[in-house]
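All remarks here apply to the structure that follows.
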Amino acid sequence: QERDALFRKEHNIHVAGNTVPSPLTDFEELSSRYGCKAKLLRNLADLGIKQPTPIQRQAIPILLSGRECFACAPTGSGKTLAFVCPMLMKLKPASKDGVGAVILCPTRELASQTIRECKKFAEGSKFCIKLMTKQLIRKADLSKFSCDILVSTPLRLKLAIRKKKLNLSRVQYLVLDESDKLFELGLLKQIDCIVKACSNPSIVRSLFSATLPDFVEELARTIMHDAVRVIIGRKNT
Ligand code: ADP
Ligand code: MG
């Protein structure tokens with residue numbers, strides 16, 4: 001515990017919450033501590049990703065332990081890998097059992113950027129990673145739709161749920177990315193509809209952003225259970 005505290009201090013990681021899992025010292029620990037497949041580690045190495053960033057060191061073990069979290073770390077600090085890595089480690093690839101994970105992004109641009117990142121990390125694997133597009137929503141019925149990771153804006157996802165019977169009851173991970181913007185854009189009703197549709201009782205929800213305004217933290221607390229708060233550097237810079 002004391003070692004963890006020192007290590008966090010060294011990496012400017014601030015945590016709050018009940019029994020927070022130890023931060024990662026390196027990516028190798030993903031295989032020794034969590035049984036990560038060699039393929040994912042090789043992909044990271046091929047991408048020139050050698051050392052985990054502070055947010056990755058702390059958020060990955062939290063999510064792998066099945067704990068919910070809200071995390072705040074600067075732009076460009078590798079938040080995408082922090083929430084995608086646990087998905088790629090825990091989800092069964094090419095599952096036909098509905099949707100495995102949902103990543104919500106405030107805009108379509110951010111959604112396409114996120115999907116490009118996800119695909120890079122999953123390169124050469126069987127993971128099915130999809131963007132909720134206009135074409136998909138035009139389909140008559142999405143009740144049988146399945147993929148491992150689904151990236152969407154709140155509006156499109158809400159339409160798919162309400163009008164096309166998209167089933168999110170099997171979702172194991174729900175991420176609200178750039179959550180400060182998600183909430184600022186007044187997407188609360190849409191997000192609420194999505195959170196309700198993700199009805200799996202063992203779902204792990206998380207929230208990532210570059211700033212963590214008090215109102216976002218308050219909203220986050222209303223949807224999350226025993227969440228860990230992770231802040232890299234200072235809270236709102
Ligand atoms: P954020 O969402 O925090 O703004 P991104 O997830 O978009 O940041 O990551 C920014 C860039 O850093 C991406 O190109 C990503 O591939 C790269 N990256 C992620 N993790 C690492 C790492 N541990 N080492 C080096 N580069 C990384
Ligand atoms: Mg990001």
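It should be emphasised that the depicted structure is a prediction, and the values quoted were computed from it without experimental measurement. Indexing begins at 1, ligand by ligand and atom by atom, following the structure's order. In this chain, numbering begins with 1 at the start of the sequence shown.
K79 places a side-chain N or O within donor-acceptor distance of the main-chain N or O of P74, the cut-off being under 3.5 Å.
Residues F83 and Y173 place their aromatic rings such that the two centres sit no closer than 6.0 Å.
The residues lining ligand 1, counting any heavy atom closer than 4.0 Å, are I49, Q51, P52, T53, Q56, P74, T75, G76, S77, G78, K79, T80, E117, K120.
Within a 6.0 Å sphere centred on CD of Q51, other residues, nucleotides and ligands contribute more than 12 heavy atoms. Heavy-atom neighbours of R33 CZ from other residues, nucleotides or ligands within 6.0 Å: above the threshold of 12.
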Give every donor-acceptor pair under 3.5 Å between a side-chain atom in residues 185-193 and any protein atom, sequence neighbours left out.
unit_1 : atom_1 : unit_2 : atom_2 : d
Q190   : OE1    : L155   : N      : 3.2
D192   : OD2    : K196   : NZ     : 2.7

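Residues K164 and R138 form no side-chain contact, since every pair of their non-hydrogen atoms from C-beta on lies 4.5 Å or further apart.
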